[in-house]
J.: 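Quick one: structure below, then a few questions.
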Amino acid sequence: MTNRKISFVRAINEALFIAMKKEKKVICFGLGVDDPMGTFGTTVGLQEEFGIERVFDMPTSENTLTGVSIGAGLAGYRSVISHLRVDFFLLAMDQLVNGAAKWHYMFGGKTSVPITIRLIVGRGWGQGPTHSQSLQSWFAHIPGLKVVMPSTAYNAKGLLIASIFDNNPVIFIEHRWLHNQIGYVPKNEYKIPLQKAKIVKKGNDITIVSISFMVVEAIKAINFLNQHKISCELIDLRTISPIDYLTINRSVKKTGRLLVLDTDNANVSVASEIVARISMNLFNFLKTAPKMIALPDVPTPSSFGLTKNFYPGSKEIVEKILKILKKSINTNKLSNSNDLHDVPGSWFKGPF
Amino acid sequence: MTNRKISFVRAINEALFIAMKKEKKVICFGLGVDDPMGTFGTTVGLQEEFGIERVFDMPTSENTLTGVSIGAGLAGYRSVISHLRVDFFLLAMDQLVNGAAKWHYMFGGKTSVPITIRLIVGRGWGQGPTHSQSLQSWFAHIPGLKVVMPSTAYNAKGLLIASIFDNNPVIFIEHRWLHNQIGYVPKNEYKIPLQKAKIVKKGNDITIVSISFMVVEAIKAINFLNQHKISCELIDLRTISPIDYLTINRSVKKTGRLLVLDTDNANVSVASEIVARISMNLFNFLKTAPKMIALPDVPTPSSFGLTKNFYPGSKEIVEKILKILKKSINTNKLSNSNDLHDVPGSWFKGPF
Amino acid sequence: MLKKEKIKLLKKMKLIRLAEESIAEKYSDQKMRCPVHLCTGQEATAAAIGLLLNKNDYVVSTHRSHGHYLGKGGNLKKMLAEIYGKTDGCSKGYGGSMHLIDLNVNFMGSTAIVGNSLPVGAGLALTIKIERSKKISCIFLGEGCIEEGVFHETVNFCAVHKLPVLFVCENNLYSVYSSLLFRQPKNRSIAKMVNAMGIKSFSIDGNDVNKIYELASKELPKIRSGLGPRFIEFKTYRWREHCGPDFDNHIGYRTEKEFQKWKKKDPIQQFQTKLLKNNEITKQEIKKIDKNLLNKINLAHNYAEKSPFPKPSEALKNVYAK
Amino acid sequence: MLKKEKIKLLKKMKLIRLAEESIAEKYSDQKMRCPVHLCTGQEATAAAIGLLLNKNDYVVSTHRSHGHYLGKGGNLKKMLAEIYGKTDGCSKGYGGSMHLIDLNVNFMGSTAIVGNSLPVGAGLALTIKIERSKKISCIFLGEGCIEEGVFHETVNFCAVHKLPVLFVCENNLYSVYSSLLFRQPKNRSIAKMVNAMGIKSFSIDGNDVNKIYELASKELPKIRSGLGPRFIEFKTYRWREHCGPDFDNHIGYRTEKEFQKWKKKDPIQQFQTKLLKNNEITKQEIKKIDKNLLNKINLAHNYAEKSPFPKPSEALKNVYAK
Ligand SMILES: Cc1ncc(C[n+]2csc(CCOP(=O)(O)OP(=O)(O)O)c2C)c(N)n1
Ligand SMILES: Cc1ncc(C[n+]2csc(CCOP(=O)(O)OP(=O)(O)O)c2C)c(N)n1
Ligand SMILES: [Mg+2]
Ligand SMILES: [Mg+2]
């Protein structure tokens with residue numbers, strides 16, 4: 001059965017079907033969830049199966065959308081809500097932070113709000129400043145929220161089911177460039193526990209902590225480095241908050257070196273947090289300075305010209321690791337063979 | 001003239017008067033700026049002096065309030081807007097992040113939005129989960145914003161004038177417990193450059209990087225430690241973003257030890273950022289693990305009982321430093337003599 | 001309205017009034033260490049609506065929610081204990097006066113950010129519709145809240161889905177110290193606006209408890225039977241300062257004269273006088289009611305004062321639900 | 001309307017139409033690498049309002065702003081260069097199609113978050129009022145934007161301050177692939193709602209450029225003279241897909257029939273036919289106009305294609321203003 005390969009999008013779709021079948025009080029709403037595009041295909045078929053009362057479109061009212069999910073939560077309903085871009089969700093920060101995140105706490109634990117908030121990170125094809133923000137740094141900063149960022153179809157399905165049945169608000173961030181990735185996904189229900197990182201590759205020279213799309217880049221980098229006898233341990237964080245420091249610590253104690261990869265702007269990021277935490281707690285285990293790779297601290301520009309070197313990838317990872325290890329290898333082979341840096345694959349022809 | 005001592009509140013008020021007198025296109029608006037309380041006294045007298053067209057109250061519409069300041073900025077006006085609590089400003093994140101922060105960038109540098117956004121951090125007297133958030137971590141994460149947090153009346157005045165005449169959106173965060181602090185403030189106009197930290201005390205054993213109200217606690221801690229021959233260098237960051245790493249680096253290179261103090265929740269905070277940056281860049285200068293003290297990663301509770309040990313202060317700073325230096329001193333004398341941990345001084349009798 | 005109902009209504013208004021005034025009186029003891037937004041003068045809406053709602057109808061409210069909580073039948077002792085910051089508080093001391101809850105009567109929560117609880121009320125209503133139950137979701141708000149975008153979003157959502165929601169808007173003319181004049185267009189009717197937005201709306205005297213009771217008894221069954229949401233504006237006045245135990249007519253944003261005008265329209269006094277005039281109650285009975293209520297409130301204060309503070313370490317709990 | 005004006009209007013509509021269609025045609029070359037929201041079918045509002053506004057009147061707009069930009073007199077070459085992501089783009093390639101600006105004609109910016117530019121337009125209007133100038137701030141929006149809270153906040157603010165704002169709401173029935181039916185209450189009039197909110201409002205056929213011109217010429221002077229903001233709803237239809245160069249009537253959210261119905265109401269065809277009928281223009285003249293415009297547009301595409309890409313390192317600049 002390990003050859004049952006489906007896309008990340010279908011994995012999400014399966015998770016939604018399974019959750020909604022399992023529990024009548026799972027509802028799903030958001031802008032366009034029932035439209036022909038079905039949230040990039042992830043919500044296709046849900047309304048036909050579960051009816052318009054459980055799967056419905058929304059007015060363009062992001063803040064209220066979130067508040068409605070809180071209210072439904074208080075009545076025992078588990079909402080899965082979605083935004084086609086993280087950026088649109090900025091309108092809902094009051095409901096998220098002053099409401100959802102604190103509800104359980106500020107009423108003395110008497111109620112809780114089981115909400116899963118699906119956010120999609122845009123990238124490429126000129127998305128520009130207001131359609132490609134990542135922002136997990138923000139969500140991870142807020143106590144009371146859990147933040148999940150799957151990197152594979154397998155993780156997407158298992159983490160989404162776990163998120164839906166978690167009794168807390170969970171921010172579930174999907175990278176648009178992962179949507180079409182294909183991977184092994186079991187047909188049946190399974191949950192991947194939140195706050196459990198995954199060791200993707202074992203290695204000894206350095207620990208790489210990575211999330212979301214950067215896992216794809218990291219794997220490319222590691223495969224290249226392996227050919228040159230450099231052995232990396234790759235941790236896919238999967239849950240960004242709370243962080244599984246047990247797994248990270250164990251690895252860093254072994255390798256003595258750390259590189260953290262993030263899809264967000266670098267300043268005050270989850271990557272900084274991990275670097276800081278490890279520096280504070282495992283200072284004596286570190287053989288070299290810990291490092292991170294994240295986006296530059298500027299908004300995302302739109303132009304094909306401006307985005308050329310904007311997103312760090314496998315090449316930057318390899319170069320950084322070589323620098324940490326004080327080695328030098330010719331990395332020319334790693335340059336992106338794809339001339340079009342702004343699309344996830346040659347199949348992508350725009351417009352969004 | 002160094003004995004001209006006034007309160008932080010009056011320093012802010014003076015800065016506003018000076019800025020508005022200097023430049024006709026400075027306008028000031030926000031909920032209650034012209035009411036009898038005048039934003040805790042900071043905006044008192046402005047409307048009388050500059051008229052209702054330049055100083056005016058607003059409907060309870062935080063998001064629009066911010067957008068209006070952007071529009072005014074495009075027409076050449078410098079807005080000073082205010083929110084009585086940081087928490088209320090969560091309604092305006094779209095205008096702040098998708099608008100103000102990126103405007104200059106996303107239109108190719110053709111326009112800019114000179115806005116100063118005054119936010120007040122609540123603390124104590126049962127303020128609770130939705131009236132005491134600090135959130136500079138969020139603002140510092142966003143490229144295009146500057147973030148300022150004055151610690152003294154002197155800084156407040158000079159930084160506010162500099163913020164108002166800066167051509168970018170500046171988040172100006174005032175800690176409510178600093179409002180009544182008295183300090184030396186020159187009468188005339190002066191600016192304190194943004195992104196310039198201040199070395200408050202020179203020392204050799206450890207570098208303490210601190211902001212806002214934590215500077216007050218740090219000074220108490222340092223005075224105590226001085227009596228025991230421990231010499232600390234205290235840096236008041238003043239501008240949280242961008243950070244003055246020149247000053248921090250120079251100090252850490254000298255002392256080899258770092259403690260960062262923050263008023264925000266610890267996870268993914270400005271404190272983590274500084275710890276991470278120093279660990280990455282000055283790894284070989286560090287003699288011991290860098291450390292930080294910030295708020296616990298939970299919402300703020302309301303009850304007098306629950307807040308008892310909630311806010312770290314001078315005692316926690318002293319203890320952390322002793323631990324870093326592997327020294328032990330009796331710190332009992334440092335326990336808060338004030339039984340009422342939830343007020344800035346015995347003069348405070350509620351209700352907000 | 002039956003006589004029995006009238007007495008209940010009087011009692012409920014008095015409970016709210018006396019509870020609020022007891023807080024005002026004792027606040028200077030510095031034992032209730034959190035901001036309090038008292039509703040003295042605005043008791044009629046809270047009492048009448050609260051009485052007419054069923055126990056399992058949902059309520060959400062704002063920073064000024066003591067009256068709404070008590071009106072709905074919320075536990076007085078637990079409310080006071082919350083304001084004192086004690087373990088027996090309805091939110092175990094985590095929330096304070098601005099965050100009340102009583103799940104026994106489906107008072108689902110009051111929150112302190114203007115407009116914050118509105119969509120939450122809509123979400124509750126959505127589940128009622130899904131379950132085809134006959135419940136109502138009642139959303140309390142101040143007129144200041146009308147200025148928040150989320151109000152309009154919530155109204156639109158409720159209208160589109162014809163949700164069983166009652167919006168109870170208490171228009172007391174002020175938001176903190178800001179007059180309506182600088183916040184909303186002159187002569188614009190809130191009720192007419194909401195009507196044009198798609199929700200059947202009304203505007204009535206918020207100090208005339210008879211009228212409130214009448215209108216609400218007529219409209220609530222319609223909401224229950226699926227005819228869609230209703231919005232009512234209640235014109236009223238808060239007597240005490242925006243936040244805290246004192247009066248603030250002297251500080252400059254409103255006049256003593258205006259206050260006195262409204263004080264004459266005291267909803268409780270008006271109603272009581274009418275009851276007396278119609279011989280539906282005697283002075284003797286009133287005295288007894290007052291005495292009982294005062295007694296009950298005193299006991300509740302004692303209970304609250306005696307309840308222990310939660311331990312500081314408890315602050316680190318309850319961040320995540322299990 | 002003078003004949004001269006009519007010809008101008010026709011030309012402006014055609015400029016917008018032909019520019020949009022040229023983008024649609026060339027989009028598959030994969031050289032315009034950013035999302036584009038074309039306004040084919042909706043040209044009448046952009047052209048008429050744009051023509052009636054003065055050069056120094058302010059405009060802000062949304063994701064679907066090509067027409068508004070060109071209508072106001074924005075530079076075509078720079079718009080196309082922006083869509084191609086080039087240094088000569090009006091935003092130097094930083095913004096793309098969704099973030100246009102032309103300070104020469106006070107087109108102050110279009111932004112891509114629904115509702116985002118509304119309060120910005122109000123802020124511009126505020127400065128007009130402060131300066132007692134006779135300018136106007138014109139805010140373009142789609143009907144989907146009505147659902148965002150910020151719309152109501154902005155309307156309220158403009159009404160309270162009687163700001164010189166013209167709201168131009170193009171109601172094309174859809175927000176992405178979502179029909180109005182699921183987003184706003186049935187049979188609710190947007191214009192009546194905004195009227196009840198405190199702003200004088202109108203609702204007219206958005207494809208009848210004559211009527212648009214007439215109404216706007218009557219109302220704009222009133223706004224200029226301080227009579228307060230105006231809101232106009234224009235009923236219209238976008239021909240092409242929500243985002244991108246194709247048609248999407250087959251995918252299921254709207255019908256080919258509906259599209260054909262609206263296509264018959266083509267604002268340009270209607271207007272042109274009338275002009276011909278009234279002998280205000282000849283077929284010959286029309287041909288010439290078309291040819292000139294096509295030529296101009298082709299030149300603009302050439303200009304844009306030839307303009308260099310900004311250097312990657314430029315991406316790190318312009319974060320802060322000096
Ligand atoms: C979003 C937000 N902005 C501002 C405040 C500060 N504030 C607290 S109560 C209040 C007054 C609201 O007025 P209204 O809704 O009329 O209620 P009232 O106090 O009159 O009962 C305000 C503005 C807040 N709590 N939340
Ligand atoms: C806050 C926000 N939510 C959602 C979106 C996605 N979105 C882009 S355009 C659009 C349609 C808006 O509809 P309308 O205002 O009617 O404009 P139209 O596209 O019909 O011209 C939406 C929902 C967005 N850009 N911003
Ligand atoms: Mg009020
Ligand atoms: Mg539309």
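Naming convention: chains lettered A, B, ... in sequence-line order (proteins, then strands); numbering from 1 in each chain.
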J.: So, do A:I70 and A:I115 sit near enough that their side-chain heavy atoms are less than 4.5 Å apart?
T.: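 Result yes, sub-4.5 Å side-chain heavy-atom pair found.
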J.: Would you mind checking if D:R33 and A:D342 are paired as a salt bridge, meaning a charged N to carboxylate O distance below 4.0 Å?
T.: yes
J.: D:S61 and D:S110: side-chain donor and acceptor closer than 3.5 Å?
T.: no
J.: Between A:L90 and chain D, with a heavy-atom cut-off of 4.5 Å, which part of the residue counts as in contact: side chain, backbone, both or neither?
T.: neither
J.: Count the heavy-atom pairs under 4.5 Å between each of D:Y84, D:Y94, D:F182 and chain A, then report the option with the highest count.
T.: D:Y94
J.: Quick one: of A:T130, A:T64, A:T60, who has the most non-hydrogen atom pairs under 4.5 Å with chain D?
T.: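 Going by pairs under 4.5 Å, I would pick A:T60.
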J.: Would you mind checking which part of D:M32 comes under 4.5 Å of any heavy atom in chain A, side chain (CB onward), backbone (N, CA, C, O), both or neither?
T.: backbone
J.: Please classify the contact of A:N63 with chain D as side chain, backbone, both or neither, using a heavy-atom distance under 4.5 Å.
T.: neither
J.: Quick check: under 4.5 Å, non-hydrogen atoms only, which of residues 250-262 of chain D neighbour chain A?
T.: D:I251, D:G252, D:Y253
J.: Ignoring hydrogens and angles, state whether a donor on the side chain of A:Q136 or A:H141 is under 3.5 Å from an acceptor on the partner side chain.
T.: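 Note: A:Q136 and A:H141 side chains miss the donor-acceptor criterion.
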J.: Answer yes or no: is there a donor N or O on one side and an acceptor on the other, between the side chain of D:Y69 and the main chain of D:N75, under 3.5 Å?
T.: yes
J.: Which bit of D:Y27 comes within less than 4.5 Å of chain A, counting heavy atoms only: side chain, backbone, both or neither?
T.: side chain
J.: Flag the pair D:R238 / D:R64 as yes when at least one side-chain heavy-atom distance between them is below 4.5 Å, and no otherwise.
T.: yes
J.: Does any heavy atom of chain A fall under 4.5 Å from the side chain of D:S175, the backbone, both, or neither of them?
T.: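 The side chain, not the backbone.
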J.: Report which part of D:K92 has an atom under 4.5 Å of a heavy atom belonging to chain A: side chain, backbone, both, or neither.
T.: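 Just the backbone, heavy atoms under 4.5 Å.
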J.: Who wins among A:E62, A:R85, A:Q127 for the most heavy-atom pairs under 4.5 Å with chain D?
T.: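 The answer is A:E62.
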J.: D:S97, D:P35, D:G85: which one forms the most heavy-atom pairs within less than 4.5 Å of chain A?
T.: D:P35
J.: Is there a donor in the side chain of A:S272 and an acceptor in the side chain of A:S269, or the other way round, less than 3.5 Å apart?
T.: yes
J.: Any Lys/Arg nitrogen of D:R240 or D:E21 sitting under 4.0 Å from an Asp/Glu carboxylate oxygen of the other?
T.: yes
J.: Any side-chain donor-acceptor pair under 3.5 Å between A:H179 and A:S7?
T.: no
J.: Cut-off 3.5 Å, side chains only: do D:T45 and D:E170 have a donor facing an acceptor?
T.: yes
J.: Under a 4.5 Å heavy-atom cutoff, which of D:H99, D:Q184, D:K311, D:E82 has the most pairs with chain A?
T.: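 Highest number of pairs under 4.5 Å: D:H99.
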J.: Among the options D:P308, D:S178, D:G244, pick out the one with the most heavy-atom pairs lying under 4.5 Å from chain A.
T.: D:S178
J.: Hey, are A:R54 and A:Q47 close enough side-chain-wise for a donor-acceptor pair under 3.5 Å?
T.: no
J.: With a 4.5 angstrom heavy-atom cut-off, is it the side chain or the backbone of A:L65 that approaches chain D, or both, or neither?
T.: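 When you check distances to chain D, no heavy atom of A:L65 falls under 4.5 Å.
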J.: Give a yes or no on whether D:K235 atom NZ has more than 12 heavy-atom contacts from other residues, nucleotides or ligands under 6.0 Å away.
T.: no
